[in-house]
Amino acid sequence: MAYRISVDADVCMSSGKCVADAPDVFRFDDDELAELVPGAVQPSDEKIIDLARACPSGALQVHDVDSGEEVDVL
Ligand code: SF4
C-alpha cells in the first residue's frame, strides 16, 4: 500500500502543525495556507497517517496511489 498526502486549502486553518512536523514536505503559501513543497518526496505511509491525524482541521487528504481513492485514516 502506498499513500500520497495532499492539502485541501479550502479546509486548512493555518495551524502550522504540518509545516512544523514536516518542513521538507509542507510550507505556507502567500495566503498562509499549507501547500506541498514543490518536488517534495512523499513521506512514508506511517508518517502520512501521523501527519493527517495531527491536522486539527482535517485538511490533509490521503489517497491510495494505485487506486487513486481517498483513504480515511482519521
Ligand atoms: S496541519 Fe492542517 S490546518 Fe494546520 S497548516 Fe497543516 S493543513 Fe493547515
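Starting from 1, each residue takes its place in the sequence as its number. Values in this document were obtained by computation on a predicted structure and should not be read as measured data. Just so you know, ligand 1 is whichever comes first in the structure, and atom 1 is the first atom listed for that ligand.
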Inside 2.8 Å of atom 8 (Fe) of ligand 1 but strictly below it, how many protein N/O/S atoms are present?
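That number is 1, waters not included.
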Okay, side chain of [X], backbone of [Y]: is any donor-acceptor separation there less than 3.5 Å?
| X | Y | value |
| --- | --- | --- |
| D45 | Y3 | yes |
| D29 | D31 | yes |
| Q42 | I5 | yes |

For a 4.5 angstrom cut-off between non-hydrogen side-chain atoms, does [X] reach [Y]?
| X | Y | result |
| --- | --- | --- |
| F26 | L36 | yes |
| L60 | S6 | no |
| D21 | L51 | yes |

